[in-house]
Protein chains: 2
Amino acid sequence: MPLTLEDIAALSGTSRSTVSRVINGDHAVRETTRERVMTVLQSLNFQPNLAARGLAAGHTRVLGLVIPMGVSTIFTDPFFPMLIQGVSSACNACDYSVMLWLAEPEFERRTISKIFYNGLLDGVIVASMLTDDPIIEALGEGRLPFVLIGRNPSREQTCYVDVDNAQSSRQAVLHLLRLGRRRVATITGPQNMIGGIDRLQGYQTALRERGLPILPELVAEGDFTEMGGYIAMRQLLRARPDAVFAASDMMAIGALRALTEAGLRVPQDVSLVGFDDIPAAAHTAPPLTTVRQPTQRMGALAVETLIDRIENPTPEVCHLVLPAELMVRESCGTSLGLFH
Amino acid sequence: MPLTLEDIAALSGTSRSTVSRVINGDHAVRETTRERVMTVLQSLNFQPNLAARGLAAGHTRVLGLVIPMGVSTIFTDPFFPMLIQGVSSACNACDYSVMLWLAEPEFERRTISKIFYNGLLDGVIVASMLTDDPIIEALGEGRLPFVLIGRNPSREQTCYVDVDNAQSSRQAVLHLLRLGRRRVATITGPQNMIGGIDRLQGYQTALRERGLPILPELVAEGDFTEMGGYIAMRQLLRARPDAVFAASDMMAIGALRALTEAGLRVPQDVSLVGFDDIPAAAHTAPPLTTVRQPTQRMGALAVETLIDRIENPTPEVCHLVLPAELMVRESCGTSLGLFH
DNA sequence: CTGAAAGCGCTTACAG
DNA sequence: CTGAAAGCGCTTACAG
């Protein structure tokens, strides 16, 4: 049988209460007592039962990470692995654990609240991206602390961590315009996902700022996959763009394939810019210019924000928006190189 | 405050014990009582506190999934996302939850047992692959049920689920030989990972069966990444292979890049076969012949095996080895096409 | 600074 | 078939 506080107390000649205080770092314990208990604790490698602790203390130091599976990119894009890694390592650092929920789309509210209100979680991080996710709605009605990865337009009073999609997309497109490109197309993400919406908006803002029209034939919707990018690019080809801003690297890679197949050279004939800076982006031919998204950092910040909400009695609603950096590689060309 | 059994009991005119019995499906409850309680339960959407249940019952219905982060492929290869998905959805189906541990390599045994013996987990699935993982050793000394994804040569008395790496690799190489290829090279995985070892062994077996020598200059070690495959292929080029078996699709994609850069055509000059059948494999130019690994199925089987060990008093040590299927696409050529 | 005691919300023999 | 009671292993006022 595993040891209990009572065993440790007996072995160190003190009481269960004192052992508990030592374990929890209570300063109101005499130093000599503390040391005596510590010795026993360590020599037996004692692990307190977290279920019991949770029941008595009213919290578990366990966070939920919810990732809706409705998204086709979950296996093909390193975004989610990186996010999971960021969340996991921040939890480790804060001495929290993470329970993972890959939520199948057909989950209904009953299941959702069964999961969230069973007393095992102190809070939840939701990486939904979908603008109208029932999980977010269910959480919104409850009393469990939660923070979103990716803003949600319909609940601005909710905590979230996001990357500045609109601003960094705008910068990417401005970069293309600065290189002299005039027919800049875009392959958007799905328009029910916030990243898809905001990146398109950044594209539009950039064109408008430079007094250029937004032409429907230069805008095609993708689904964040390589195949989606390929298909969208073939459609865009008819409008003869001289540059393409793809809302994800996977789509940019698909677009590159379509361009190459069509006999067009990147960047000489068409400049190409992606979004994410996945590892593969540096190894395409030519290497892909892209917006580097601080994915792991977002995960870590979500954890820190959530823990603050959990441990802090009256925290502010907070919106953290991280900047993203344009990684200029060869696929966009240079203003020098372009016209030679 | 959340509801408790006592609340439900009061509302349905019965006792806490009976409510508990109804929730846990005890048949020794009169049907009319059961219905009365059920009505209250459902109308209030009652969720029992799992920490309390865990403490009282001695189990939590939570499984741990441990993935060591020492592996460079965790972000670039869909293997881990797929595995996680398989584990997660099998857990959902069995009404278990999963706690995720992305174990940083420097974790020492004290931390490991702190994690595993805190009473929150009924069992653990370890997707280690590393032949000498301290996590597996720590688990081996303890009393927590666990199963491995990927066999571990140093502990054959442990439960595991694996794909038949050796057999399916052998088949892939035999296929190349059948096409008339005679200088078949291989890009292996790391030789401290079981998949790397077993796939190399399959390659060697196939050559030996056909009476062909195993030439050191036709064997190069990679690290399961695209870049590793690229580097290994450049090295192999000096030995002028007419076919390459890469121990992962990501490495095959890197090899393809190296071959293309060297002006060699696939499959006309060099046949190429990968392993995994990741989504991208169908979209390379030419599409990649590869061994399809049932990754999600492995995750699901690991869950089922583990739950059986947890719930079954004296389960057998079991080794599940799944077959993998060769997906023939264009990158290996055909015996007809090859010589024209 | 420390211990005895109550209590967290369940499960499960035990008695009836 | 059902309820009163003990107990799971902790935390935390409370009293001293």
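Chain A is the first sequence line, chain B the second, and so forth, proteins listed ahead of strands; every chain is numbered from 1.
- Between the CG atom of B:L50 and the C1' atom of C:dG9 there is a distance of 11 Å, rounded to whole Å.
- Considering only side-chain atoms of A:N49, the nucleotide from C:dC10, D:dG9, D:dT2 that sits closest is D:dG9.
- Judged purely by atom type and a 3.5 angstrom limit, A:D122 uses its side chain to pair as donor or acceptor with the backbone of A:R61.
- B:R16 is linked by a side-chain contact (heavy atoms from CB on, under 4.5 Å) to B:L5, B:E6, counting only residues two or more places apart in sequence or in another chain.
- Evaluation of the salt bridge (Lys or Arg N to Asp or Glu O under 4.0 Å) rule for B:E137 yields B:R109 as partners, not counting sequence neighbours.
- In this structure, CG of A:D7 is placed 9 Å from P of D:dC10, rounded to the nearest angstrom.
- The residue among A:E6 and B:S15 whose nearest nucleotide of DNA chain D is located toward the 5' end is B:S15.
- For B:Q47 and C:dC10, the CD to P distance is 11 Å, given to the nearest whole Å.
- In DNA chain C, consecutive stretches of 3 or more Watson-Crick or G-U wobble pairs with both distances under 3.5 Å are given as paired ranges: C:1-3 with D:14-16, C:5-12 with D:5-12, C:14-16 with D:1-3.
- With sequence neighbours excluded, the residues that form a side-chain contact (heavy atoms from CB on, under 4.5 Å) with A:T295 are A:F79, A:M82, A:L83, A:Q293.
- Legend: ring pair (Phe, Tyr, Trp, His ring centres under 6.0 Å) pairs involving residues 31-57 of chain A, not counting sequence neighbours: none detected.
- A straight line from CG of B:L3 to P of C:dC8 spans 15 Å, rounded to a whole angstrom.
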- Pair B:I125-B:V87, side chain to side chain contact (heavy atoms under 4.5 Å, CB included): steps then yes or no: CA-CA 9 Å; B:I125 293 169; B:V87 167; 4.3 Å; yes

- Letter per nucleotide, 5' to 3', of nucleotides 11-16 of chain D [B base touched, S only sugar-phosphate touched, - untouched; heavy atoms, 4.0 Å]: BBB---

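- For the side-chain contact (heavy atoms from CB on, under 4.5 Å) criterion with A:L139, the lone passing option out of A:V124, A:D133, A:V66, A:L148 is A:V124.
- At least one donor-acceptor pair under 3.5 Å links the side chain of B:N49 to the backbone N or O of B:A51.
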